[in-house]
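As structure tokens, the structure follows; a few thoughts come after it.
In this chain, residues are counted from 1 in sequence order. Excluded from the calculations below are hydrogen atoms, water molecules and symmetry mates; all remaining heavy atoms, backbone and side chain alike, are included. Because the structure is predicted, anything quoted here is derived from the model rather than measured.
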Amino acid sequence: MSLRTLQNGLNVETYPLTQAQRFMFFVYNSFGKNSPVLNIGTGYYWKDDFRPDLLKEALTEAMERCEPIRMRLCFESINGVNQLVQYFVPDAEIPVEEFDFRDIPYEESYEIIKGWTKELIDMIDKPLHLVRIIRLPNGMNGMYLKFHHLAFDGYAAKAFIADVMGIYLSKKCGKPYPKPLRSYFEAMQEEFAYLDSDERKKDRQFWLETFTKESEPIFNDYLLDNRLKKAREESGDPNRRYISMYEGDHPESRTLMYELSKEESDSIMTLCRENDLSVPCVLMLGLRTALSAFNQNQPDVSFKFMINRRGTLLHKKSGGNRWHFYTLRTNIAPELSFRKAIDAVNDAQSAVLRHCNFDTLEMYHLKHMAMKMSDIGQTYDSMTFSYQAPLEVPYESEEIKATTQGIWYNNDFSAQNLYLTVKHRANDNGLEFIFEYRISENSREDLEILYPKMLKAIMLGVHNPDITIGEILEEIKL
């Protein structure tokens, strides 16, 4: 830590970036200096007797008690190296502007708001976020929020929205005022303490042994024009098991979204609830089975999955960014039942979760030392998966909740080749499958095949847990 004197004469302490922030800054340096890859744009809207004056008060109060909102970034020379560090100011310093789009078509208002998400953030010594009250032409009203990924991840964004709504409803209809958020500083200090802990040494040893003792993974493509096959032909190595993913960096992206009905979503949740199963494990089993079908029923399947480390009340309520990315690798025999295969996915996930505080960048470094890949652009993982568990946002009544809509505005740039996010709708808890894909490296037509295969694999198992993976593969074969 060191002191920094601001233009107003105030002295503030600066802090290094946490492990998760370091990874996000690596993403920025690699893909985002001239693109908004670290921008999160989200809207939360509903129909009621709207009180924008009270919402403005709620947003202002929520910002003042949310430490990541007051985060600022700057460069500082540390041991002769210019490094990005963070500090915190006493006030949010973010104006809450109001925009009325009731007199224009909804599609036009959507594009205007999405355009805000794509605008680059001047992130040095300035507020990192944008907060606006919105009135839409379809009778919906609410808020638009643009967050910077060094200060917020998806979970933190939803937690902030929940806090705003709790304050708004306490003012509007007398509901209890929400408890204060937890301290980001305390969570940050835990991150720093981990760096010199025995736990970190054990985690490092786990990953080193994992990469040096296990067999080499194999790339599982979701494109019909299989890239591993082409890499083998071009290299003259018929046994090659990885590809180069980011040759010619073009991060422009688009999204493809599918909404699962409430009934089908509920059937997945019921299976998990009644059998004490993990929802993301069921979803990941469906994904890895679909990838297997795209690769001649390959039993050895791996992809990256995002872990949002929110296991304690402090971490759930302190905001910030706690995303780490790891590989989930499963080798599932075709004779294994769907129910037993869920256990296999859960075992693989649990092994990673026990060591998921370890720095993603350092983990990648260990992996590249141990495997045959020679640089960061080469990979065994074709895509990334994340699941966003439902986070209850306060609502005035069931009728108003049924009108609620949460929107993620894609910034049209992605550091990842393909990123599947599964989240719950705000109004009925149904599932949404959102594929963000780089347009330079993907076939939208192939993605439109991948999703139905994944969903069919899931629903076949949900309705008949004793069905074997081999039987599912036969049903979803290309």
Would E191 and R309 satisfy salt bridge (charged side-chain N to carboxylate O under 4.0 Å, His left out), going step by step from the backbone distance to the final call? CA-CA 11 Å; E191 296 275 330; R309 297 165 301 122; 3.4 Å; yes

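Checked against E93 for a side-chain contact (heavy atoms from CB on, under 4.5 Å), the options M63, R72, R70 give a single hit: R72.
Residues passing the side chain to side chain donor-acceptor pair (under 3.5 Å) test with E263, sequence neighbours excluded: none.
Between the side chain of R425 and the backbone N or O of Q405 there is no donor-acceptor pair closer than 3.5 Å. Checked by atom type and distance alone, the side chain of T289 never pairs as donor or acceptor with a backbone atom of A457 at under 3.5 Å. Within the 3.5 Å criterion, the main-chain N or O of Y395 finds a donor-acceptor partner in the side chain of K175.
Between Y258 and Y451, a ring centre-to-centre spacing shorter than 6.0 Å is recorded. Aromatic pair Y194/F358: centroids not less than 6.0 angstrom apart. Ring to ring, F305 and F325 are not that close: their centroids are 6.0 angstrom or more apart. Taking the six-membered ring wherever Trp is involved, the centroid distance between the rings of Y437 and Y419 does not fall below 6.0 Å. Annotation: W323 is not in aromatic contact with F152 [ring centroid separation under 6.0 Å not met]. Side-chain rings of H149 and Y28 stay apart, their centers remaining 6.0 Å or farther from each other.
Taking 4.0 Å as the cut-off between side-chain N and carboxylate O, E57 and K171 count as a salt-bridged pair. A salt bridge links K172 to E396: at least one charged side-chain nitrogen sits closer than 4.0 Å to a carboxylate oxygen.
Pairs passing the salt bridge (Lys or Arg N to Asp or Glu O under 4.0 Å) check and including a residue from residues 265-274, sequence neighbours excluded, read K262-D266.
The aromatic rings of F101 and F99 lie parallel to each other, their planes meeting at an angle below 30°, with 60° marking the opposite boundary. Between Y45 and Y409, the ring-plane angle classifies as perpendicular under the 30° and 60° cut-offs.
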